[in-house]
Number of protein chains: 2
Amino acid sequence: MISKRDQILDIAERGYRQGGFAGLSFRDIAAALDMKSASVHYHFPHKEDLGKAVVERYTDNLLDNLGAPDAADDSVKIRLARLVEAYRAAYAEGESSCLCAVLGSVSPQLPPAVQEAVNSYFTRLMTWTETALAEDGPSANLNASHIISALQGAMILSVAMGDARYLDQVAEDLAEKSGI
Amino acid sequence: MISKRDQILDIAERGYRQGGFAGLSFRDIAAALDMKSASVHYHFPHKEDLGKAVVERYTDNLLDNLGAPDAADDSVKIRLARLVEAYRAAYAEGESSCLCAVLGSVSPQLPPAVQEAVNSYFTRLMTWTETALAEDGPSANLNASHIISALQGAMILSVAMGDARYLDQVAEDLAEKSGI
DNA sequence: TGATACCTACCTATCGATAGGTAATTAACA
DNA sequence: TGTTAATTACCTATCGATAGGTAGGTATCA
């Protein structure tokens, strides 16, 4: 049985991804779980606490799904395919953006703790990707920061246009450039 | 002398880029211009009207700055450099995201007219870029949708991390790939 | 005189947050 | 073992602040 705390995190993650940090209220969450907003405050006293927890769980989940970036029996191509698949899956569930694209785009107006969590998301993801590419040697025309940028942007385009084609296009390009 | 209407659009554009559509109120705008919120409603009766006008002006301004995508005496490289420079300049003023990245990432929860305006922004920008690349022939490893995705994503990363490096990186990659 | 561009004053709805209370469970101890 | 204390997970009710929006008045000008 899933704890109420986790149910709140689930609703909040979906809500923030669809409508931004300001677009989801304690009352919205309470209504979705058939409880009162005061009870949501019991689990997360301030909105900043909730935002931080949502982003941290989101980050941990992604990195879990990505697995080790330096497993000996994986090629760069396979690793990048896992990365792309994670973003594709994230888009597929609810046709919504990456949580940290939504929040990161308005970073300066977020509560400090949420800002830091978003920052940490990108830092950790960048480190993972750099490690995943490391063995490719100097021949690689692939760059971690470009890959992350392209994926994040493609997700936004897909959401804004209501069409997964943009994400598909980037996935295709990366598959092609990452080897055979 | 700049009209009050345009002053409102200026404030709104900056505000939406920094804090999203829900992050800027009629009262915020009024306070910035030393007037009353009711007077802002005089110029833009509903928030949807304001959002639509802001996005449409933003789109027109960008396409004006980009110039013709098929001028005979421009190379693909020069055209892409103009595109990249437009995004760099947009980031530089206030270290904030592209308006349509901020709005597009939460598109499904925007008022319909604003949604449509954002959609039109991406459609027009994509058409411009496709035309700009058209003469490059089949040899090109450049793709309009990938370029726009990378620029949008890089802008978000730069804002989220407070560091223009990500935008710089994409700019560098594109300059390299678009020929000598 | 009649637009234009404001204003005052207000409305309803909602926001994040808090105070104070309650039933049910769990821990500590005589 | 039975009693007490504390904790968990909610509740009702309310706070001050703020949201978008409106009705009606006023000053300025052609």
Side-chain angles (χ1 to χ4, degrees), chain A residues 1-55 57 102-103 106-118, chain B residues 1-55 57 102-103 106-115 117:
Chain A
M1 180 254 190
I2 178 170
S3 75
K4 194 68 82 173
R5 191 191 139 95
D6 283 336
Q7 291 178 51
I8 292 172
L9 289 174
D10 287 342
I11 298 288
E13 180 178 322
R14 201 176 61 200
Y16 291 155
R17 284 180 58 194
Q18 287 173 350
F21 189 69
L24 185 79
S25 69
F26 278 68
R27 281 170 182 77
D28 292 333
I29 296 167
L33 296 175
D34 198 29
M35 60 196 305
K36 300 296 168 179
S37 73
S39 308
V40 183
H41 279 284
Y42 167 79
H43 293 279
F44 302 95
H46 304 278
K47 202 179 181 184
E48 179 169 11
D49 304 322
L50 175 58
K52 183 187 174 194
V54 168
V55 174
R57 192 187 66 155
V102 174
L103 301 185
V106 295
S107 175
Q109 67 108 48
L110 295 174
V114 183
Q115 244 179 75
E116 283 157 28
V118 170
Chain B
M1 180 254 188
I2 178 170
S3 76
K4 194 67 85 173
R5 192 191 139 94
D6 282 337
Q7 290 179 51
I8 292 172
L9 289 174
D10 287 341
I11 297 289
E13 180 178 322
R14 202 177 62 200
Y16 291 155
R17 285 180 57 193
Q18 286 173 351
F21 189 68
L24 185 79
S25 70
F26 278 69
R27 282 171 179 78
D28 293 333
I29 296 167
L33 296 175
D34 197 29
M35 61 197 303
K36 301 296 167 180
S37 74
S39 308
V40 182
H41 279 284
Y42 168 77
H43 293 279
F44 301 96
H46 305 279
K47 202 179 181 184
E48 179 168 10
D49 304 321
L50 175 58
K52 183 187 175 195
V54 168
V55 174
R57 193 187 65 155
V102 174
L103 301 185
V106 295
S107 174
Q109 66 108 49
L110 294 174
V114 182
Q115 243 179 77

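Below, each value reflects all heavy atoms present in this structure, side chains not excepted, and no hydrogens, waters or symmetry copies.
In this structure, Y42(B) atom OH and dC7(C) atom C1' are separated by 13 Å, rounded to whole Å. Between I29(B) atom CD1 and dC6(C) atom P there is a gap of 14 Å when expressed in whole angstrom units. Note: CZ (F26(B)) to C1' (dG21(D)) measures 8 Å, nearest angstrom. We find that CZ of F44(B) is positioned 12 Å from P of dC6(C), with the value rounded to whole Å. Following rounding to the nearest Å, D34(B) (CG) and dC6(C) (P) show an atom-to-atom distance of 12 Å. Rounded to whole Å, the distance from CG on D49(A) to P on dT18(C) is 10 Å. Atom NZ in K36(A) sits roughly 13 Å away from atom P in dC10(D) (whole-Å rounding). Note: CZ (R5(B)) to C1' (dC6(C)) measures 16 Å, nearest angstrom.
Between Q18(B) and Q109(A) there is no side-chain heavy-atom pair separated by less than 4.5 Å. Here the side chains of I11(B) and R14(B) are in contact, with some heavy-atom distance below 4.5 Å. Side-chain contact between V55(B) and Y16(B): absent, with no pair of heavy atoms (C-beta onward) separated by less than 4.5 Å.
Of the possible polar contacts, one joining the Q115(A) side chain to the L110(A) backbone as a donor-acceptor pair under 3.5 Å is found.
Distances shown here put every side-chain N or O of H43(A) at or beyond 4.0 Å from the OP1 or OP2 atom of dA9(D). Taking side-chain N and O atoms only, H41(B) has no distance below 4.0 Å to OP1 or OP2 of dT22(D). At dG20(D), one or more side-chain N or O atoms of K47(B) fall inside 4.0 Å of OP1 or OP2 (strictly under the cut-off). Distances shown here put a side-chain N or O of S25(B) below 4.0 Å from the OP1 or OP2 atom of dA19(D).
Within 4.0 Å of S39(A), counting heavy atoms only, lies at least one base atom of the nucleic acid. At a threshold of 4.0 angstrom between heavy atoms, the contacts of L24(A) are confined to the sugar-phosphate backbone, with no base atom among them. Contact annotation for L33(B): no contact, since no heavy-atom pair falls under 4.0 Å across all strands.
In terms of position along DNA chain D, the nucleotide closest to M35(A) lies nearer the 5' end than the nucleotide closest to the other residue of the pair R27(A) and M35(A).
Counting non-hydrogen atoms of other residues, nucleotides and ligands closer than 6.0 Å to NZ of K47(A) gives a total above 12.
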